Amino acid sequence: MFYNLQCKSCFKNKNYKDLRNFLLENLDNNKIQAVFDIAEYDEEIYCKCNKPVKEGDLYIYCDRFEEISIRLIAENISKQVEFCSKCEGEKMNSLLSEYVELLESAKGLEDIDDYLFNLGTEIKNLFDHPIGNYKLENKIIKHLKCQNCGAGYDSISIGNPYYNSLKSDDKAYTKEEVDSFYRNIDFNKINSFAKYYGIRLSITELEEFVNFIQDFPLLAFKHSVGKKIYEMLEFHFKSPNSETIVAPWTLFRGRVKHKLSKPFSIDEMWEPPKGVASHGRYNTVGSSVLYCCTDINFIPYEIYPNNFQNLCIAKVKVNKGLKILNIQQLFSKFNGFVGESSDYIGIYNSNYSLTNYIAECSRNIGYKGVQYAGVKGGKYKNFAFFNYTKGEDLIINEVTTIDLDIQYSITKELKSKLEV
């Protein structure tokens, strides 16, 4: 027995009527045709209410209609779940809690926009209009999937495909909401930093500045915000609040080499010569800084060696107290105004415009370098050093070559595609 999607009489059950209406009103017809049968001119088929199924009508076995409809609708609604409570939602809530705690101690809670606490849409509210009763909606919810982290229904799982399913009170977030959150957190942080030194910023002018320097990176100082940032960093440099790395302290620097080439010497483990360096988060194209890390285990994740390369690691000893700028005092993470992505084609990455400008200001003011959080997970710190003297401020006295065993993992989703 069949349901004919074009026959209203087949769908007297309210739940099924709602499923039918949603399919016809919200889904591309090609999606439906991929799973429903299409009646041909020479077929003699009758639907559930004993009416002939006409040529071109879409029909399906009655016992499969609910299952197939739920999966099609869930796939459609899942497009709205760009991020969920289990990925960016968890990160944002954690960061917001930290920030609230920080501002409570500084009596600055009024600086937080109320809307940051109300971002996202509860999963149960993603339906534009009710679909059947709550039991049917819960079945659809159990088949939803986050587009970012993959949380939700897992059709490939041999065990329980609903093990990590989303719940009705979980939240879905759009990319715009996530970007807005991090930009506002970043703004509140840098604004609090600036206000301490009597400098006022607005989120609008900071956004305008970021856009300006992406187009005109060499003219940053002509913009009013560019001047304010320089003044802010200069005030901080002269204040007792600026940070100093206390000697002795051991950091690590990594470089990759081809497995057949000779290991790097101590002299070759310093920063590359001027004019040679590629674009980095804290160096412009051609200018050079010394990038170091506090945790040797994260170096491979920072410089991406391949199977044809060995990793040379130098121990870098901090020999003197060095005044540095802690970027985490200005920005929370590499998500808001400070772009995280290092994936780009060519020699220039516009995501680095703001950090490049901050680094150049710091170099000119007299800082010995900048400190920033590792971007690959973990609690390690990264440093970009400049204005230092080799053999006095920093010393390299040991280089080790490591032969890496790089392994790759394939996700369940990719495995399923490869097996088709």
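Side chains are part of it too, since the values below use all heavy atoms of this structure and drop only hydrogens, waters and symmetry mates. This structure is a prediction, so every number in the text was calculated from the model and none was measured.
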For N364 and E360, indicate whether the former's side chain and the latter's backbone hold a donor-acceptor pair under 3.5 Å.
-> no
Set of residues satisfying side-chain contact (heavy atoms from CB on, under 4.5 Å) with respect to F193, sequence neighbours excluded = Y197, M232, H236, Q329, L330
Partners meeting side-chain contact (heavy atoms from CB on, under 4.5 Å) with V35 (sequence neighbours left out) = I68, L72
May I have the step-by-step check of salt bridge (charged side-chain N to carboxylate O under 4.0 Å, His left out) for R71 and E75, ending in yes or no?
-> CA-CA 6 Å; R71 291 192 181 183; E75 183 181 329; over 6 Å; no
Could you walk me through whether Y291 and R281 pass the side chain to side chain donor-acceptor pair (under 3.5 Å) check?
-> CA-CA 10 Å; Y291 286 101; R281 196 178 298 281; over 6 Å; no
Q147 side chain vs Q80 backbone, donor-acceptor pair below 3.5 Å | no
To the nearest 0.5 angstrom, please state how far the NZ atom of K390 sits from the CG atom of D267.
-> 7.5 Å
Under a 4.5 Å cut-off applied to non-hydrogen side-chain atoms, are E88 and Y182 in contact?
-> yes
Minimum side-chain heavy-atom gap K86-L166 below 4.5 Å = yes
For the ring pair Y61 and F2, is the centre-to-centre distance below 6.0 Å?
-> yes
Partner set under side-chain contact (heavy atoms from CB on, under 4.5 Å) for L219, not counting sequence neighbours | F212, F216, K222
Got a sec, which residues hit side-chain contact (heavy atoms from CB on, under 4.5 Å) with D18, two or more places apart in sequence or on another chain?
-> K14, I131
Which residues satisfy the side-chain hydrogen bond (donor to acceptor under 3.5 Å, both in side chains) test with E205, sequence neighbours excluded?
-> K228
Examine Y282 together with Y372 and report whether their ring centres are nearer than 6.0 Å.
-> yes
Q214 side chain vs N211 backbone, donor-acceptor pair below 3.5 Å | no
Residue from F386, Y388, F237 passing ring-ring contact (aromatic ring centres under 6.0 Å, His included) with Y367 = F237
Using salt bridge (charged side-chain N to carboxylate O under 4.0 Å, His left out) as the criterion, point out the one residue from E177, E176, E207 that pairs with R183.
-> E207
So do the side chains of Y3 and C62 get within less than 4.5 Å of each other, counting heavy atoms only?
-> yes
Would you say R20 and L23 make side-chain contact, with heavy atoms under 4.5 Å?
-> no
Under 3.5 Å, side chain of S192 to main-chain N/O of N188, donor-acceptor pair present?
-> yes
All ring-ring contact (aromatic ring centres under 6.0 Å, His included) counterparts of F264, not counting sequence neighbours = none
